[in-house]
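Here the structure is laid out as structure tokens; the discussion comes afterwards.
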Protein chains: 2
Amino acid sequence: MEKITSKQNSKVKEWAKLKTKKGRHQTGTYLLEGWHLVHEAIMNNEPIKSILVTESELDTVEISGNFQTILITEEIANHIASTVTPQGVFAIVEMDGSKTALPSKLEGAWLLLDQVQDPGNIGTMVRTADAAGFTGVIFGTGSSSRFNPKIVRSMQGSQFHIQLLEMGLADAMTSFLQAGYPVYGTELNPDAKSFKQIKPDKDFALIMGNEGNGMSKNLLTKTTANLYIPIKGKAESLNVAIAAGILMFQLLQ
Amino acid sequence: MEKITSKQNSKVKEWAKLKTKKGRHQTGTYLLEGWHLVHEAIMNNEPIKSILVTESELDTVEISGNFQTILITEEIANHIASTVTPQGVFAIVEMDGSKTALPSKLEGAWLLLDQVQDPGNIGTMVRTADAAGFTGVIFGTGSSSRFNPKIVRSMQGSQFHIQLLEMGLADAMTSFLQAGYPVYGTELNPDAKSFKQIKPDKDFALIMGNEGNGMSKNLLTKTTANLYIPIKGKAESLNVAIAAGILMFQLLQ
């Protein structure tokens, strides 16, 4: 097994750069941290290039399959990790660049993210979409990247359970509408339709907007209906991930 | 207007300590950061002791009412703030120590937090409870303090809209049950009752448990029913704040 002990090693320098978008695009790879995610990636046949593990973790993880495994020091683990207390096991995974188009046969419920910014919100929404039984999540142009380390972490493995795409939402909407899908926008507007008026269904698309500005105006005009969650108290709004959770569990049959 | 320019000033030292539980208990006060929260506190007649403001913010905030206002430097603002980029306006507010018992006449829906730990989750749940029209939130013994700076911030003013109590949940449950309230526990157990089987109501209590361990066993045995949100995909669980949001908007009439 290869062993790397120096932070000056060229591979280590490359791994450390995976925290940035530039580093990920230069190498076409991203980093998974922690056994839970690495294990999920293995189980779901993700395109893993290498697994990195510290000596102390080597005995606690069970790496089934034929992977290039590299032994690293605690110092290197701390250097490449995005977390404060890394777990000592990582995978370098190829970014699947082909997931930028909808499947030719549309099925199930889809969540569309319109310029949602906060990594924690995005990760939580993907995890919730998985739990609710959604087919996929589309990261619209302007939403944070699904390979951002914080998003990767907060998706908690759900990124390997459902389809994640990156594409322009106007195009995605057109495809859904042409396929006969209802496309629901969301807005913080009591004049919009209360979400409880929508009959739960199997096939539909739901769009959630930016934390501060909501959904793009041009998308709002093209939807089948725009939904509103009635606010009864004095709170000004709901967190976008909470709103998405309420809607996904209500709308999906 | 009093002006403080030195970080060595005894008041500044006291304010900086409000980040810690010990500092808050020694002075009986806590810190609000940012105009949104300070403004909400003013509007809701919270027991504000002083308002601190930097020179650059003095013109942008409109402090209505007769408050002791102290001019501080940017350096002091950075020193006392819990945020990386403080907004330059703060309030020192008395902790209301009396909110440790239920009102004698129980009304409306209540959310009970059983050893929930993450400040962001707690803050979001209080904000969501406000939006859903809940009457109050009870922080059970072992849950993080409602005066923790991160919780204060993520409640986004909802702490001034609904009742927040701190008390033992076993006692609270007894009171609710004696008053004829249904008390719903939550568990990640498909044998529990699906939440959609519960008819929305006006008066009830809902208990959410710890992120990792769920609700205390001894509380689970005393509830009217324990609810489960059916997980359809492969996600292992829902974030506790998301689960709370789904339940609160479903259960409250």
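Lettering of chains follows the sequences in order, A, B, ..., and the numbering in each one begins at 1. These numbers come from a predicted model, not from an experiment. Because only heavy atoms are used, hydrogens play no part in the values below, and waters and symmetry mates are left out as well, while side chains stay in.
- Proximity to chain A (any heavy atom under 4.5 Å) is restricted, for B:A132, to the backbone atoms N, CA, C and O.
- Using a 4.5 Å heavy-atom cutoff, the side chains of B:K234 and A:N44 are in contact.
- Between chain B and the options A:G245, A:A131, A:G133, heavy-atom pairs under 4.5 Å are most frequent for A:A131.
- Proximity to chain A is absent for every atom of B:I162, based on heavy atoms less than 4.5 angstrom apart.
- Only the side chain of B:S158 comes within less than 4.5 Å of a heavy atom of chain A; its backbone N, CA, C and O stay farther away.
- In this structure, chain B has a heavy atom under 4.5 Å from the side chain of A:E236, while its backbone stays farther away.
- Of all the listed residues (A:I231, A:I229, A:T128, A:L238), the one sharing the greatest number of non-hydrogen pairs under 4.5 Å with chain B is A:L238.
- Annotation for A:E62: atom CD does not count as buried by contact number, only 12 or fewer foreign heavy atoms lying within 6.0 Å.
- Remark: the backbone N or O of B:G233 is not paired with any side-chain donor or acceptor of A:D130 at under 3.5 angstrom.
- Residue B:K19 qualifies as enclosed at atom NZ: its count of foreign heavy atoms under 6.0 Å is above 12.
- Put simply, the side chain of B:R127 gets close to the backbone of A:S237: a donor and an acceptor are under 3.5 Å apart.
- Within the model, atoms NZ of A:K196 and CZ of B:F249 stand 8.5 Å from one another, a figure rounded to the nearest 0.5 Å.
- From A:K232, atom NZ reaches atom CZ of B:F134 across 9.0 Å, with rounding to the nearest 0.5 Å.
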